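Please read the structure below before turning to the comments.
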Protein chains: 2
Amino acid sequence: MDRLLQGVQIRINEKLYLKDPESSGLGKKIIEFSIQLINEIGFESFTFKKLGLQIGSNESSIYRYFENKHKLLLYLTSWYWGWMEYQLVFATNSISNPKEKLLKSILIITREIKEDSSFSHINEVLLNKIVINEYSKSYTTKEVDTENKEGFYSIYKRLVGRLGEMISLVDADYQYPTSLASTILENGLHQHFLKEHFPSLTDCNNQVTPTQFLTHLVFNTLNQKIDE
Amino acid sequence: MDRLLQGVQIRINEKLYLKDPESSGLGKKIIEFSIQLINEIGFESFTFKKLGLQIGSNESSIYRYFENKHKLLLYLTSWYWGWMEYQLVFATNSISNPKEKLLKSILIITREIKEDSSFSHINEVLLNKIVINEYSKSYTTKEVDTENKEGFYSIYKRLVGRLGEMISLVDADYQYPTSLASTILENGLHQHFLKEHFPSLTDCNNQVTPTQFLTHLVFNTLNQKIDE
DNA sequence: ATAATATGATAGCAATACTATTATATTTGC
DNA sequence: GCAAATATAATAGTATTGCTATCATATTAT
């Protein structure tokens, strides 16, 4: 994974930024340290002023890259889903058996990110935590419908689409492939969240992973055995 | 349902308010109109000042009932889950067949609330929409662990517990009853959200309900046929 | 009628979420 | 290597938010 990604750039909707953060040192610092700071203090308390302080830069300079922190969150999460999509396609491309392919996809999507692939200034371990804790805030706003039209969620939607297709390839008669796909994505995050903050609301723990739960759920729903 | 509920009060954690909103006319107005206003403008834009304006009351008076809008949201959503629990217990109490009981429970939990039971100042149709759109904000905060210890989520947790037990009664060997229960609760809301804002991410629509999707999911997962 | 309590009005304060302006670096193009 | 262009920094300012405090005026209870 590592080496290969160095040549790949994840394409983010251009309307999410005023100036491409990948185009300068300051831009990259904004991305790198916003991930750290959001993790530390949470998205609500996070401000451009505090970020400026952290990176020894000025609030006004950050505003030249992003209109506001909401757009920054959309940028970060889009990057995450783009990265996820890349991993998914890369790892499953060569698999022809539909069941095996779906199995692998569920693993990639629902596993915990434990090591930074360190191909860039983006720490995927921390970004994964941000997505677990804050992703829902990016779409539970009054502006969601206009922002959806602007294409701010298109990478995520594409990912759900890919997963839905894989489900249909395993069972063409299954009636809810898209709902099941979105459930895997969303519940994958949610079980990780519960494991951390509400252990009494999940069976996942250090022994049992969200991947196991969801793999069992999906394959039983599709009336398939997991044969290897 | 209607008549009976008039004699029942939903018990909310006392730490969520400074003064019980059920204890006065102003308190009830706060609840009634906060539900309306949050629905109209969204939780982010909602402020006590705006609410005061709506009910012809003063910002400072509202602060005598609730410390802040976050506590108010916790109050409203706790009420919702308490109401849901009441409906669940009431409707399934007399059912002895475990499968039938679970089937009914899934229906109650995942159905759309279409009519106001109008036994009080609380509009359940609007409150259901708030829960769909804003519930995740009540727990995706940096304070979630302390607030959890204070018992602010206890009603929701009890509800997941009840559902998990019902699942185990259908299939005692199933390994993930609690995760499945929390998935039903959470994904029930999420599919409704997707139906409204991201129709391409769900198979649910005017013909297909989240209830159908989740019923199929749960019973297949438990390797059960839905026999009636 | 008086005392207690609830509500309303007003003021004020620190932080947020910006925008605007001007000054100073840094980069680039010739 | 220098001027011009561009990027960043510093400072100031504004409306709004999220409160707290104080005092005045209703309302209710005894």
Side-chain angles (χ1 to χ4, degrees), chain A residues 14-34 37-38 40-76 121 134 137-138 140-143 146-147, chain B residues 14-34 37-38 40-76 121 134 137-138 140-143 146-147:
Chain A
E14 291 179 9
K15 286 180 222 148
L16 286 177
Y17 49 80
L18 299 168
K19 180 177 173 174
D20 186 358
E22 287 298 320
S23 71
S24 75
L26 179 60
K28 283 173 191 161
K29 253 176 146 183
I30 289 173
I31 300 303
E32 180 178 356
F33 287 90
S34 66
L37 194 53
I38 290 172
E40 241 172 76
I41 64 176
F43 186 67
E44 325 295 327
S45 306
F46 172 85
T47 69
F48 281 178
K49 193 164 195 176
K50 289 176 188 168
L51 177 60
L53 230 78
Q54 283 264 326
I55 63 182
S57 185
N58 202 275
E59 190 190 7
S60 60
S61 304
I62 301 168
Y63 272 107
R64 282 205 196 80
Y65 285 83
F66 292 99
E67 272 179 68
N68 49 53
K69 68 174 181 174
H70 177 242
K71 290 267 170 75
L72 171 60
L73 180 64
L74 284 170
Y75 180 94
L76 293 176
H121 48 290
E134 323 277 9
K137 288 172 194 163
S138 78
T140 55
T141 69
K142 272 284 159 183
E143 297 76 36
T146 31
E147 297 194 338
Chain B
E14 290 179 9
K15 286 180 223 149
L16 285 177
Y17 49 79
L18 299 168
K19 181 178 172 174
D20 186 358
E22 288 297 321
S23 71
S24 75
L26 179 60
K28 283 172 191 161
K29 254 177 145 183
I30 290 172
I31 300 304
E32 180 178 356
F33 287 89
S34 66
L37 194 54
I38 290 172
E40 242 173 76
I41 64 175
F43 186 66
E44 325 296 325
S45 306
F46 172 85
T47 69
F48 282 179
K49 193 165 194 175
K50 289 176 188 168
L51 177 60
L53 230 77
Q54 283 264 326
I55 63 180
S57 185
N58 201 272
E59 191 190 6
S60 60
S61 304
I62 300 168
Y63 272 107
R64 284 204 195 84
Y65 284 84
F66 292 98
E67 270 179 71
N68 50 51
K69 68 174 181 174
H70 177 243
K71 290 268 171 76
L72 171 59
L73 180 63
L74 284 169
Y75 180 94
L76 293 176
H121 48 289
E134 323 277 9
K137 288 172 194 163
S138 78
T140 56
T141 69
K142 273 283 160 184
E143 296 75 37
T146 30
E147 296 194 338

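Note that the structure is a prediction, hence the values are computed from the model and not measured. Note on naming: letters A, B, ... go to the chains in the order of the sequence lines (proteins, then strands), and numbering restarts at 1 for each one.
By the 4.0 Å N-to-carboxylate-O rule, B/E32 lies too far from B/K29 to be salt-bridged with it. Between B/K137 and B/E44, at least one side-chain nitrogen of the basic residue sits less than 4.0 Å from a carboxylate oxygen of the acidic one, meeting the salt-bridge criterion.
No engagement by B/G27 is indicated, since no non-hydrogen atom pair under 4.0 Å with the nucleic acid exists. Contact annotation for A/K29: no contact, since no heavy-atom pair falls under 4.0 Å across all strands. Across all strands shown, A/S61 has heavy atoms under 4.0 Å from base atoms, whether or not it also approaches the sugar-phosphate.
The residue among A/E44 and A/S60 whose nearest nucleotide of DNA chain C lies closer to the 5′ end is A/E44.
Following rounding to the nearest Å, B/H70 (NE2) and D/dT17 (C1') show an atom-to-atom distance of 17 Å. Distance A/Y63 OH to D/dA10 P: 17 Å, rounded to the nearest Å. Between B/E67 atom CD and D/dT20 atom C1' there is a gap of 13 Å when expressed in whole angstrom units. Residue B/L26 contributes atom CG, which lies 12 Å from atom P of D/dT28 at whole-angstrom precision. Regarding B/I30, its CD1 atom lies at a distance of 13 Å from the P atom of C/dA6, rounded to whole Å. In this structure, B/L53 atom CG and D/dT17 atom P are separated by 11 Å, rounded to whole Å. Rounded to an integer number of Å, the gap from CZ of A/F48 to P of D/dA10 is 18 Å. The CG atom of A/L51 sits 13 Å away from the P atom of C/dA17 (whole-angstrom rounding).
Among the nucleotides D/dC19, C/dG8, D/dA9, the one closest to any side-chain atom of A/N58 is D/dA9. Taking only side-chain atoms of A/E59, from C-beta outward, the nucleotide of D/dT8, C/dC18, D/dG18 with the closest atom is C/dC18.
Residue pairs satisfying the salt bridge (Lys or Arg N to Asp or Glu O under 4.0 Å) criterion with at least one member in residues 64-76 of chain A, sequence neighbours excluded, are listed as follows: A/E67-A/K71.
Between B/K19 and the phosphate of C/dA6, there is a side-chain N or O to OP1/OP2 separation shorter than 4.0 Å. Checking the phosphate oxygens (OP1, OP2) of D/dA9, a side-chain nitrogen or oxygen of A/S57 falls inside 4.0 Å. Distances shorter than 4.0 Å separate some side-chain N or O of A/Y65 from OP1 or OP2 on D/dT8. For A/K69, no side-chain nitrogen or oxygen approaches OP1 or OP2 of C/dC18 to under 4.0 Å.
Of the listed residues (B/I55, B/I62, B/N58), just one forms a side-chain contact (heavy atoms from CB on, under 4.5 Å) with B/L26, and that residue is B/I55.
Side-chain atoms of A/S61 never come within 3.5 Å of backbone atoms of A/S57 as a donor-acceptor pair (strictly under, hydrogens ignored).
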